Amino acid sequence: MGGFIARESEKFERFSEWFDNVLLTARIADNRYPVKGFIVYLENGWFVIERVRRRLEELLEEDGHLPMYYPIVATLENFSREAEHIKGFMGEVFAVGKLRLGGEDEAQQEAPLILRPTSETIMYPMFALWITNHSDLPLKVHQSCAVYRYETKATRALYRVREIPWNEGHTAHATGEEAEEQLKKAVEIYRKVLDELGIAYLTLRRPDFDKFAGAEYSIAFDAWNPDGKVNQVATVHNLGTNFSRVFGIEFEKREGGKGYVWQLCYGFGYSRVLAAIIAQHGDDLGPIFPPWVAPIQVVIVPIPYKGREAEVYGYAERVYELLRGGYRVKLDEREDMTPGEKYYYWERRGVPLRVEVGPRDVEKNAVVLVRRDTGEKFSVPIERLREEVARVLEDITRSLAERARGKLSEQIVDVKSLEEGARSIEEGKICRVSWCGREECALSLRNSLGAEVRGYRYDIEERSDKPCTVCGSQGRTYLYVARAF
RNA sequence: GGGGCCGUGGUCGAGCAUGGUCUAAGAUGCCUGGCUUGGGCCCAGGAGGUCGUGGGUUCAAAUCCCACCGGCCCCA
């Protein structure tokens, strides 16, 4: 009773083609919408995003974040207040105004509005109204919404889009220390969701030249991708008082006197997380969804031998009833398709577990379970069905995560020279290089390796006892360098 | 910001160099009927394309030229 052998050469050798194919056949997204950078999320893709969204929001709200919804537009004036912020984003904002049919010359006259590329400049004027006293702090809010960035480069379904579905959290605190504490909590929440999805990533502190526009510093989560590019799925920024000063978010301190609030903002990209799920867990056949986000968790495929249809279908129905309350389960009774076709059909749609029921199973009072991730098949007596399904789904969750972590560590290579680094980047690796801590060395790395300096580890302290790969002086830590989306 | 490549039914893709034989091959997917059913079987029938859009050259354009839209790659 052999299952199939999971293969993933397509995914690693021709990632783009594989990915685009999977999006469509697994009904995740359709990128044929005729406006550059905008895609349609199909039922399976959106289902996964919704599951992830609910889980993330649940954790944020447990931590005291208030759910709110802010407008999609800002005035150019507000948007321009924080100097660094506007410098970072100005090249990619959508301007909006009234559509004037026929009268082109008027278009410029009205003060333009902008579509949020992120919501700091939309939320913070309101924060200034709400916060007057230390008792108003901390203020923690979140919203799931879409932000808009006018990407001029090539766009890419889910990875680099112009309409970005995400969750953004924004907090205001009385002290810098309190803000730091909250930053750790935010990192922890993001970590938890990503870990539950089995996504493998690096938690990096970005180099100063690559921090969020207007932030003191930025922490980012970079997930690995089969083609070697890293996929930034989430970020957490410490804004210090940069924004509260320009938006006038002042409060009366407990000890007397006035102060500006200390702020954080953080974002979690739903479409990129979806991309990471597909890219990291998928194989040549298509996606493999972690059970808790899978649109269908268990599919039942009857095998109706001629003359025994009634008993097989009846039995399949029983199996369906047994599982229905506990799982998202589908009984595939289509009669114009062979079981083999159905196997492929559901595998390509990422269903993590299949139950086969045929005459043999009817006789034995058993079913055959087949794992989507390994192809492994085994027979289970029907009395143990529910507990076995639970066990196997859990095991799939665990082993997807393990495999993804394994791939991440395979993709990271220690390089001792710039030439070796450049070569490794070509091969689609993430390079780990000893670094002295000076910005000019980091910048020089970017040029000589032909890839982005993603930063140094935030989750653990990595001390380097080797010389800096660029200048040769005493190394302090390790920088991670990789191509990025 | 600079340079290059590409766009043909839902998807993939032949045809484009050297315009006419294109009433556009093939595969897959989809629909109908039959046969099968423990990995995509087989047989028969069917729907689906103003060749990205607009303009130009020409007796004649999927094929040549221009612009736009969309997709991809490389370099800064």
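To find a chain, count down the sequence lines: A is the first, B the second, and so on, and within it residues start at 1. On a predicted model such as this, the values are computed, not experimentally measured, just so you know.
Between A/K36 and B/G71, a side-chain N or O to OP1/OP2 separation shorter than 4.0 Å is present. The phosphate of B/G40 has neither OP1 nor OP2 within less than 4.0 Å of any side-chain N or O from A/K342. Listed pair A/R354 / B/G39 fails the phosphate criterion, with no side-chain N or O lying under 4.0 Å from OP1 or OP2. For A/T155, a side-chain nitrogen or oxygen approaches OP1 or OP2 of B/G71 to under 4.0 Å.
Salt-bridge formation is detected for the pair A/E321/A/R324: a Lys NZ or Arg NE/NH1/NH2 atom is positioned less than 4.0 Å from an Asp or Glu carboxylate oxygen. Salt-bridge check for A/E341 with A/R334: failed, with every basic side-chain N at 4.0 Å or more from each acidic carboxylate O. No salt bridge links A/E394 with A/R391; every basic N to acidic carboxylate O contact stays at or beyond 4.0 Å.
When each of B/G38, B/U37, B/U11 is scored by its nearest atom to the side-chain atoms of A/K306, the top-ranked nucleotide is B/U37. For A/R348, counting side-chain heavy atoms from C-beta on, the closest listed nucleotide (B/U11, B/G40, B/G38) is B/G40. Closest to the side chain of A/E341, out of B/U11, B/G39, B/G40, is B/G40. In this structure, the nucleotide among B/G38, B/C73, B/U37 sitting nearest to the side chain of A/S16 is B/C73. The side chain of A/R156 lies closest to B/C72, out of B/G38, B/C72, B/U11.
If you take atom P in B/C6 and the same atom in B/U18, they sit 15 Å apart, rounded to whole Å. Distance check on atom C1': B/A17 versus B/A62 gives 14 Å, rounded to whole Å. Using P as the reference atom, B/G34 and B/G71 are 45 Å apart when rounded to the nearest Å. Annotation: B/C22 and B/C51 have their C1' atoms spaced 10 Å apart (nearest Å). A gap of 28 Å separates the P atoms of B/G3 and B/G13, to the nearest Å. Rounded to whole Å, the P atom of B/C35 lies 50 Å from the corresponding atom of B/C73. Between B/U63 and B/U58, the distance separating the two C1' atoms is 13 Å to the nearest Å. Across the P atoms, B/A24 and B/U37 are found 39 Å apart, a figure rounded to whole Å.
Between the side chain of A/Y343 and the base of B/G39, no donor-acceptor pair under 3.5 Å is found. Between the side chain of A/N31 and the base of B/G71, no donor-acceptor pair of N or O atoms lies under 3.5 Å. Side-chain N/O atoms of A/E347 and base N/O atoms of B/G40 include no donor-acceptor pair closer than 3.5 Å.
B/G39 is unpaired under the criterion used here, namely a Watson-Crick or G-U wobble arrangement in which both key atom distances are under 3.5 Å. Base pairing of B/C64: its partner is B/G56, meeting the Watson-Crick or G-U wobble criterion (both donor-acceptor distances under 3.5 Å). When Watson-Crick and G-U wobble pairs are counted only if both distances are under 3.5 Å, B/C5 pairs with B/G71. For B/A24, there is no paired nucleotide, since no Watson-Crick or G-U wobble pair has both relevant distances below 3.5 Å.
Atom NE2 of residue A/H85 and atom OG1 of residue A/T118 lie 5.5 Å apart, to the nearest 0.5 angstrom.
Taking the ring centroids of A/F268 and A/Y190, they lie under the 6.0 Å cut-off. Taking the six-membered ring for Trp, A/Y266 and A/F212 have ring centres at least 6.0 Å apart.
A donor-acceptor contact closer than 3.5 angstrom is absent between the side chains of A/Y70 and A/E168.
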For nucleotides 49-52 of chain B, print each protein N/O atom paired with a nucleotide N/O atom at under 3.5 Å, atom names and distance only.
none

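Between A/Y159 and A/F15, the ring planes lie perpendicular to each other; the angle is over 60°, past the 30° to 60° tilted range.
When each of A/L42, A/I39, A/L274 is tested with A/I28 by the rule side-chain contact (heavy atoms from CB on, under 4.5 Å), just one qualifies, namely A/L274.
Both A/M337 and A/K229 lie near RNA chain B, and the one whose nearest nucleotide falls closer to the 5' end is A/M337. Comparing A/N21 and A/P34 along RNA chain B, the residue whose closest nucleotide (by nearest heavy atom) sits nearer the 5' end is A/N21.
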